[in-house]
Enquirer: 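Sharing a structure, written as structure tokens. Questions coming.
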Amino acid sequence: MIRLLFVCHGNICRSPMAESVCAHEIVKRKIINVSVDSAAAHTDEIGNPPHRGTVEKLKREGIPSVPHRARLLLKSDGQKYDYFIGMDEYNVKDMKQILGNISKPVCKLLDFTSSPRAIADPWYTGDFDRTFCDVSEGIGALFDCLEKQGLIEYGIPSD
């Protein structure tokens, strides 16, 4: 099982959007060996649901929002997940500080694309459409990368 963890500052905008888009793609592509979760690098929003802008954008795109309450990234998560994927360079810095010295990938979501860059925080920009486009591009590129490495398994999930 490949376990992905998406991380942003507060875990209410970008990372739960990435988690929901990724979960939707897992089902759509019939991927049976990838799981997904999300967390915050800071305590500002712990316990809060996803931002209404995230929920509304996902709904407009026909993507179910995963059940979610913001939670903090913990050092112990370093043992539970295989990939730690932030939305910007600050998230990556925070993840490395929290997780300590781990040998697992810690990177930005758009590092998997041909145009690596940060995903702007819609909490500040208000542009959930742009965030969704960037998240979708990153998720597609992430799956392409995992597939090229022969890490993805397809099929019908067993109950």
Side-chain angles (χ1 to χ4, degrees), residues 1-41 50-51 53-68 71 73 77-96 98-99 101-123 125 127-159:
M1 181 66 68
I2 299 167
R3 296 157 304 202
L4 309 174
L5 184 67
F6 295 105
V7 177
C8 69
H9 182 90
N11 193 216
I12 63 166
C13 294
R14 295 172 291 174
S15 59
M17 182 183 285
E19 180 184 1
S20 293
V21 170
C22 190
H24 179 74
E25 285 297 312
I26 288 168
V27 171
K28 183 175 150 185
R29 296 174 187 231
K30 297 183 169 102
I31 297 171
I32 59 172
N33 69 322
V34 175
S35 67
V36 62
D37 200 354
S38 66
H51 189 284
T54 291
V55 173
E56 289 167 5
K57 179 59 182 172
L58 290 170
K59 187 175 183 179
R60 285 194 309 272
E61 296 295 330
I63 297 174
S65 184
V66 297
H68 177 78
R71 75 166 187 91
L73 173 67
D77 287 328
Q79 302 304 311
K80 297 176 188 173
Y81 298 94
D82 302 303
Y83 290 82
F84 298 88
I85 305 166
M87 303 297 133
D88 60 37
E89 57 278 355
Y90 302 108
N91 303 150
V92 170
K93 179 181 171 259
D94 291 335
M95 287 188 292
K96 287 179 177 179
I98 293 167
L99 296 169
N101 188 18
I102 64 169
S103 60
K104 299 174 183 178
V106 179
C107 60
K108 297 189 307 273
L109 179 56
L110 292 177
D111 285 350
F112 294 97
T113 71
S114 60
S115 179
R117 62 195 183 280
I119 297 175
D121 191 342
W123 171 265
T125 68
D127 193 348
F128 287 86
D129 294 331
R130 175 79 254 155
T131 299
F132 180 82
C133 288
D134 285 346
V135 163
S136 297
E137 178 185 355
I139 298 294
L142 170 60
F143 281 132
D144 289 347
C145 178
L146 294 173
E147 185 172 42
K148 284 177 188 170
Q149 294 177 45
L151 298 175
I152 291 185
E153 297 175 16
Y154 298 95
I156 299 171
S158 58
D159 290 338

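A quick note: this is a predicted structure, and the numbers were derived from the prediction, not measured. The figures that follow rest on heavy atoms only: side chains count, while hydrogens, waters and symmetry mates do not.
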Enquirer: Would E56 and K59 pass as an ion pair if we require N to O under 4.0 Å?
Expert: no
Enquirer: Y81: which residues meet the ring-ring contact (aromatic ring centres under 6.0 Å, His included) condition with it, sequence neighbours left out?
Expert: none
Enquirer: I want to check something: taking the side chain as every heavy atom from C-beta on, are L73 and L99 in contact at a cut-off of under 4.5 Å?
Expert: yes
Enquirer: Just so I know, are the side chains of I102 and F84 near enough to count as touching, which here means a heavy-atom distance under 4.5 Å?
Expert: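 When only atoms from C-beta onward are counted, F84 and I102 do touch, with a gap below 4.5 Å.
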Enquirer: Please examine the side chains of N91 and K96, heavy atoms only from C-beta on, and report whether any two atoms are closer than 4.5 Å.
Expert: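 In short, these two side chains do not touch, never coming nearer than 4.5 Å.
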Enquirer: Taking F6 as the fixed residue, which of L109, V135, D37 is the one that meets the side-chain contact (heavy atoms from CB on, under 4.5 Å) rule?
Expert: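 For F6, the side-chain contact (heavy atoms from CB on, under 4.5 Å) check succeeds only for L109.
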Enquirer: Within a strict 4.5 Å, meaning less than it, do heavy atoms of the R3 and Y83 side chains meet?
Expert: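 With C-beta onward as the side chain, the pair stays apart.
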Enquirer: Do C22 and L4 come within less than 4.5 Å of each other through their side chains, counting heavy atoms only?
Expert: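 Side chain of C22 against side chain of L4, heavy atoms only: contact under 4.5 Å found.
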Enquirer: If every non-hydrogen atom of G86 is compared with every non-hydrogen atom of M95, which pair is closest and at what distance?
Expert: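 Minimum heavy-atom separation between G86 and M95: N-CE, 3.4 Å.
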Enquirer: Taking the side chain as everything from C-beta on, heavy atoms only, tell me whether I139 gets closer than 4.5 Å to F112.
Expert: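 Result no, sub-4.5 Å side-chain heavy-atom pair not found.
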Enquirer: At their closest point, which heavy atom of V21 faces which heavy atom of I63, and how far apart are they?
Expert: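 That closest heavy-atom pairing would be CG2-CD1, 4.1 Å.
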Enquirer: Identify whether the distance between the nearest side-chain nitrogen and carboxylate oxygen of K93 and D88 falls below 4.0 Å.
Expert: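 No salt bridge links K93 with D88.
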Enquirer: Looking only at heavy atoms, what is the nearest atom pair of K108 and A118, with distance?
Expert: CE-N, 4.2 Å
Enquirer: Would you indicate whether the side-chain heavy atoms of M17 and P50 approach each other to under 4.5 Å?
Expert: no
Enquirer: Can you give me the closest heavy-atom contact between A40 and H9, atom names plus distance?
Expert: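 That would be CB-O, 3.4 Å.
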Enquirer: Less than 4.0 angstrom from a charged side-chain N to a carboxylate O is my criterion; do E153 and K30 meet it?
Expert: no
Enquirer: Any luck finding a side-chain donor-acceptor pair between N11 and H68 under 3.5 Å?
Expert: yes
Enquirer: How close do R71 and D77 get, heavy atom to heavy atom, and via which atoms?
Expert: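 The answer is NH1-OD2, 3.0 Å.
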Enquirer: With a 3.5 Å distance limit and no angle check, can you tell me whether S136 reaches the backbone of C133 through a side-chain donor-acceptor pair?
Expert: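 Looks like no, no N/O pair under 3.5 Å.
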Enquirer: How about Q79: does its CD atom have over 12 heavy atoms from other parts shown lying under 6.0 Å from it?
Expert: no
Enquirer: Could you measure the distance from the CD1 atom of I85 to the CG atom of L142? Nearest 0.5 Å is fine.
Expert: 4.5 Å
Enquirer: Does the structure place the NZ or CZ of K57 under 6.0 Å from the centre of the six-membered ring of F128, at an angle of no more than 45° from the ring's axis?
Expert: no
Enquirer: Salt bridge check, D134 against R130: does any charged N sit closer than 4.0 Å to a carboxylate O?
Expert: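 Judged by the 4.0 Å cut-off on N to carboxylate O distance, R130 and D134 do form a salt bridge.
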Enquirer: Is the shortest heavy-atom distance from the side chain of V36 to the side chain of I26 under 4.5 Å?
Expert: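 In short, these two side chains touch, coming nearer than 4.5 Å.
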Enquirer: Without swapping roles, check the side chain of S20 against the backbone of V66 for a donor-acceptor pair under 3.5 Å.
Expert: yes
Enquirer: Give the minimum heavy-atom separation between M1 and I32, together with the two atoms involved.
Expert: CE-O, 3.9 Å
Enquirer: Is there a side-chain contact (heavy atoms from CB on, under 4.5 Å) between D121 and M87? Walk through the geometry before answering.
Expert: CA-CA 8 Å; D121 191 342; M87 303 297 133; over 6 Å; no
